[in-house]
Amino acid sequence: MAAKTPFTQGILICPTTHIDWDWVYTFDQYYASNNQATGGSSGRDTVQNIFNAAASLFSRKIGFTFSVTEVGFLQRYARDSPAGIATFAAAGEDFCLMGGGITSPDNLVCAGELFIRNYLVGRTWAKQAGLGANLYDSAWLPDDFGHDPQLPVVLHAMGLTTAGISRVPGSPQGSPGARPIDPPGPSIASQLNSDGLVFHWQAGDGSRITTLFMPDTYGTVGYLDADNIPSNTQTVNQFVKQYNSGWPNGLRFIPAGIDFATPGAMSSSGEPMSWLNVTNGYNSSYGNSNGVKGTTGTFKTYMDAVLKSGASLPVNAPLNAQNYWTGYFASRPALKRNQYAAVRALMSAEVVSALLRTCSGYATSSLDAFDASVWNGWEMLAPSSHHDFVTGTSPDNVYYGEQLPLSRQGVSVARAALDQGMELLARGISPKPRSQELPVVVCNTLGFKRVHGLLAELTPPAADPRFDAVKSVRTRDGLLPIQRTANGNLLFMAAPPSAGYETVYLSTLAPPGPIVVPDPSVGATAMLENDLISVTLSKADGWGISQFSYGEDGASLFASQCVGNELRFYTDSGNIYQFGNEPYGSTNPPAYGTFSHDTSATFEGGEARWLEQGPYRYRLLAEVTEKNSGHRFTLEYSLVVGERFLRMKLTGAAPSGKSVAVAFPMVDPNGTAPTTLSYGTPHYQQDVLPVPNWPGPTFVATHDYVIPCLQQGSQPVGGIYHQGIPAWTLDGTGVLLGVVLRNTPAGGRGASGSDNGWHEQEYVVAPPVSVHGTPVLGTPLKDALSVTTPLEARFIPDGQEGQDLRLPETGTLGRVSATNSGVPVEAEDVMIRVARVQAPGAAGGYPSPSNATVSGAIPASLVVRTEKRGSQATQLTVQLPFLKAAGAPETQAVTALEAPLEELAAVPSGADTVTVDSPHALAARRIAWCRKQGG
């Protein structure tokens, strides 16, 4: 075997390839048969041929190395070539799996939990396939279209140590014209080139990740030219001369191989060539003369050398590189909405699984089968995290032929898993109904006690006449009324505990209080009000919100004479990647297209009708038509008793060349408009807006909530909670805009596409929270999840099933409380998330024997993650009541990818709490115990 040269100086040439899950072709076309893959000396090939070439090079034992990311293609390759997978495994660190995710995920619009699961699913398979030693704890994200400023929060929590990025505003590949215009200054790319190409990227919670910025794309030497190696070596030398500064201790990195680049090819004369020939050719032609020798190695080789060199690395805190391209925040909204819905359903299913594992007498085998269904959901959903999937940046044939069907199937599988778990939960309870009562279990799958979102909706079993006589519900608060929905479901109030459930009883008894007589008529206006807010909708304003008052003083949420939830058309000359006003191409000064409010568009209110009128929920459905184009939309408003939120649903399609926005002119009680935004990122809160790189609106990718504020991180004037609608901004007058529909068939950027389909978008508007007369941010994540993740209610069927399964009428997995230097911290955005419940031997389950329990017992394994936002708490206490009765419980700190950070330690006998040191936003612990119920 050829000896490798240690890398301690010069330039590391890293053979790699970038293989999109899908983009302009489908997954299988990229794997085996796309017409861009011509093979031979072109340097581009199918994935199958790329892996075959790499396996051949490793088999020759010539010192070859290869760095790849996308495990999903390795799974496919394993079906065709088990020997090839074995060859990669035998290569050890020379075959570097950077991160080990199923695909290279987007990190701006992808659901935060799925970002983690993409890696967990991929690494689980890699370990099972014998590739565990090839995994490198890194996030290789060079093709993401911008980056979450708070990304180190999750990367650190996952146990990853390094990252590789390439696309930031001002970088060569697609946005060289993106540079600050107000105030003017150097682009993010220019700053990194100047300040340091390897740096510590720090998030708001103090988490750090050592990051490499590739200044000349993620494939500087794009394709191996088997017939002209000197041209490849000349490209290396040009890079060395152009990018001669900003490197730590002079250690340079050059990626060799771009989209679907093969690492080895046969020249026309029949001579085998690889990237090793390029390194050797560069050294012989240039390395000796310019004093910068080349070494072939992996990304891990490079980052290890940097970290061992003792180089002083700059700190970027934060790195505001989120506005590389932003139009994709709103493109293909069905992909984002479906992903959000599927992720929430799978997370809810895992909470139910935890309750069943810890509290029920179900046999372990039956629960293993349920957990396998949940795991299958994550496996199916993981590809949608790809940076050309959830982003919506593929052409119509891939979107309609692969992505949208997979997206819809992901929702179906996730909901089926949740239904399966809720059925097990319902059948496992032994209820105690009184005469003429029907038992129902209500589950709160969120890891905190709800203040909002207490309205449960039950779908009665088909053709069961007993439900026709139901008039009330008996809860621990007494006899309460029920409400029948427009589709015949039952609504009632319930308050199950954190990550828990309660049993309530539907009754034929009449509830106390007056009977509400609905008024079905709707005139020129309609009013929805409860004890907290009052809302007036106006037909003359296209059924927008003409008045929204809140608080004891009746403060107005919107500016005088302005309308909330106002529909707007924006003329948008952009494409599926960019809004029209973003700089296109590399001209200097940059050329801009059009993204402007179409003031000629006139929205007229049409027919409106009440769907429901209390006593718990009021729902109004209204039609709206744009007068000039004839485009029709429906707006649905709903208001729930006891909530300070107005829920909205928009249904419609975007005209070609247009973006459809909703506008909210929020102001404080003095009429002052906001100047900035606080918003949720996938794992934290962001309070700093990006510097504008183009005239007109600059949208940001928000998750769960967006809050207009008078000052940075303070003085909120209101908020929006949403389900996968990322694109929000303030316009030049302080009006909050959210793009809900988009149809921009303009070409460019390698893929174009149209979207004239009908979509549903749901969002919620809320007034600010006031504490002692001062508006505060409060707990926006809890509030958002409370309205986007409803209670789950299921009928408990008749029979004897629950008698031996020992599920009590009410149960909880647990709750979390926060302390700061031993002092309890109240009203914080702190919660627990069930990351996984798995028995040993299940896919991705409890790692053994290297992490076997102290007792030696075969345990059940539960991973609980804690999350805190905006909290100064330094320690969290997780109360898990089941621990008192669990057999030999043990615990250990783990990463979000479930790798142990410490040895397992026994939980003291009789204790039911676990302490989590939480200097950062995310932390995770594994609980192991010997399960008694069900065996």
Side-chain angles (χ1 to χ4, degrees), residues 106-110 112 139 141-142 144-156 163-171 174-215 313-329 578-579 581-583 590 675-703 706-709 711-713 726-730 869-870 921:
D106 163 78
N107 71 93
L108 270 172
V109 300
C110 177
L141 306 169
D144 283 22
F145 316 136
H147 300 281
D148 170 18
Q150 303 296 340
L151 184 61
V153 169
V154 67
L155 298 184
H156 175 83
I165 64 174
S166 179
R167 294 187 187 268
V168 302
S171 60
S175 72
R179 57 181 56 89
I181 61 172
D182 185 21
S187 68
I188 296 292
S190 296
Q191 294 176 47
L192 294 176
N193 275 305
S194 174
D195 299 340
L197 296 168
V198 182
F199 56 92
H200 294 306
W201 182 0
Q202 182 170 304
D205 73 335
S207 299
R208 282 189 178 187
I209 195 86
T210 305
T211 306
L212 165 70
F213 168 61
M214 288 164 273
L313 302 179
V315 176
N316 283 288
L319 180 69
N320 281 315
Q322 65 267 52
N323 56 337
Y324 178 83
W325 292 329
T326 65
Y328 72 91
F329 297 170
Q578 298 173 274
F579 286 113
N581 58 325
E582 298 182 37
T675 61
T676 188
L677 298 175
S678 290
Y679 59 92
T681 72
H683 300 280
Y684 205 58
Q685 183 161 304
Q686 174 72 3
D687 295 323
V688 181
L689 294 180
V691 175
N693 288 339
W694 47 79
T698 294
F699 290 86
V700 290
T702 70
H703 285 252
V706 55
I707 302 172
C709 297
Q711 295 183 5
Q712 181 179 314
W728 294 87
T729 191
L730 292 176
R869 295 197 182 186

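Counting from 1, the numbers follow the sequence of the chain as shown. Below, all heavy atoms of this structure are taken into account, side chains as well, without hydrogens, waters or symmetry copies.
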Quiz item: Where the side chain of T211 meets the backbone of H200, is there a donor-acceptor pair that is under 3.5 Å apart?
Solution: no
Quiz prompt | Pairwise distance CG(D106) to NE2(H147) - rounded to 0.5 angstrom | solution = 9.5 Å
Quiz item: Is there a donor-acceptor contact under 3.5 Å from the side chain of H683 to the main chain of G112?
Solution: yes
Quiz prompt | Candidate list D148, D144, T681, test side-chain hydrogen bond (donor to acceptor under 3.5 Å, both in side chains), partner N107, passing option | solution = D144
Quiz item: Going through the distances and angles, do W201 and L313 end up as a side-chain contact (heavy atoms from CB on, under 4.5 Å)?
Solution: CA-CA 10 Å; W201 182 0; L313 302 179; over 6 Å; no
Practice problem: Work out which heavy atom in T729 is nearest to a heavy atom in T698; give both atom names and the distance. | Solution: OG1-O, 2.7 Å
Quiz item: Under 4.5 Å between any side-chain heavy atoms of Y679 and W728, yes or no?
Solution: no
Practice problem: Measure from the side-chain N and O atoms of N193 to the backbone N and O of P215, and report whether any donor-acceptor pair falls under 3.5 Å. | Solution: no
Exercise. Taking all heavy atoms of T676 and all of L730, pick out the closest pair and write down the distance.
Key: N-CD1, 3.4 Å
Quiz item: Sub-3.5 Å donor-acceptor pair from the side chain of N316 to the main-chain atoms of L319, do we have one?
Solution: no
Exercise. Grab the two heavy atoms, one from F329 and one from A701, that are nearest each other, plus how far apart they are.
Key: CE1-N, 3.5 Å
Practice problem: Could you pull out the closest heavy-atom pair between R179 and G185, with the gap in Å? | Solution: CB-O, 4.0 Å
Quiz item: Is there a donor-acceptor pair closer than 3.5 Å between any side-chain N or O of Q150 and the backbone N or O of G204?
Solution: yes
Quiz item: Taking all non-hydrogen atoms of both residues, which atom of P314 and which atom of D195 are closest, and how far apart?
Solution: CG-O, 3.4 Å
Quiz item: Tell me, do F213 and S171 make a side-chain contact under 4.5 Å, heavy atoms counted?
Solution: yes
Exercise. Decide side-chain contact (heavy atoms from CB on, under 4.5 Å) for V315 and R208; before the verdict, give the C-alpha distance in whole Å, the side-chain angles of both, and the deciding distance to 0.1 Å.
Key: CA-CA 9 Å; V315 176; R208 282 189 178 187; 3.5 Å; yes
Exercise. Would you confirm whether S207, through its side chain, and D205, through its main-chain N or O, come within 3.5 Å as a donor-acceptor pair?
Key: no
Practice problem: Using the six-membered ring wherever Trp is involved, compare the ring planes of F145 and W325 and label them parallel, tilted or perpendicular (cut-offs 30° and 60°). | Solution: tilted
Exercise. With the side chain counted from C-beta on, respond yes when Q202 and P152 share a heavy-atom pair under 4.5 Å apart, and no when they do not.
Key: no
Quiz prompt | Test item: N581 and P697 side chains (from C-beta on) under 4.5 Å apart, heavy atoms | solution = yes
Exercise. Output the distance between atom CG (L108) and atom CD (Q322), rounded to the nearest 0.5 Å.
Key: 7.0 Å
Quiz item: If you round to the nearest 0.5 Å, how far is SG of C110 from NE2 of H703?
Solution: 7.5 Å
Quiz prompt | Validation row: L677, C709 side chains within 4.5 angstrom (heavy atoms) | solution = no
Side chains of residues 163-170: which donor-acceptor pairs under 3.5 Å do they make with residues two or more places apart or in other chains?
unit_1	atom_1	unit_2	atom_2	d
S166	OG	Q173	OE1	2.5
S166	OG	Y218	N	3.4
R167	NE	D143	OD1	2.6
R167	NH1	Q173	O	2.8
R167	NH1	Y324	OH	2.9
R167	NH2	D143	OD1	2.8

Practice problem: Would you check, one step at a time, whether the test side-chain hydrogen bond (donor to acceptor under 3.5 Å, both in side chains) holds for Q686 with N320? | Solution: CA-CA 10 Å; Q686 174 72 3; N320 281 315; 3.2 Å; yes
Quiz item: Nearest heavy-atom pair of Q712 and D687: which atoms, and what distance?
Solution: CG-O, 3.2 Å
Quiz item: Say you draw a straight line from CE of M214 to CG of L192; how long is it, rounded to the nearest 0.5 Å?
Solution: 12.0 Å
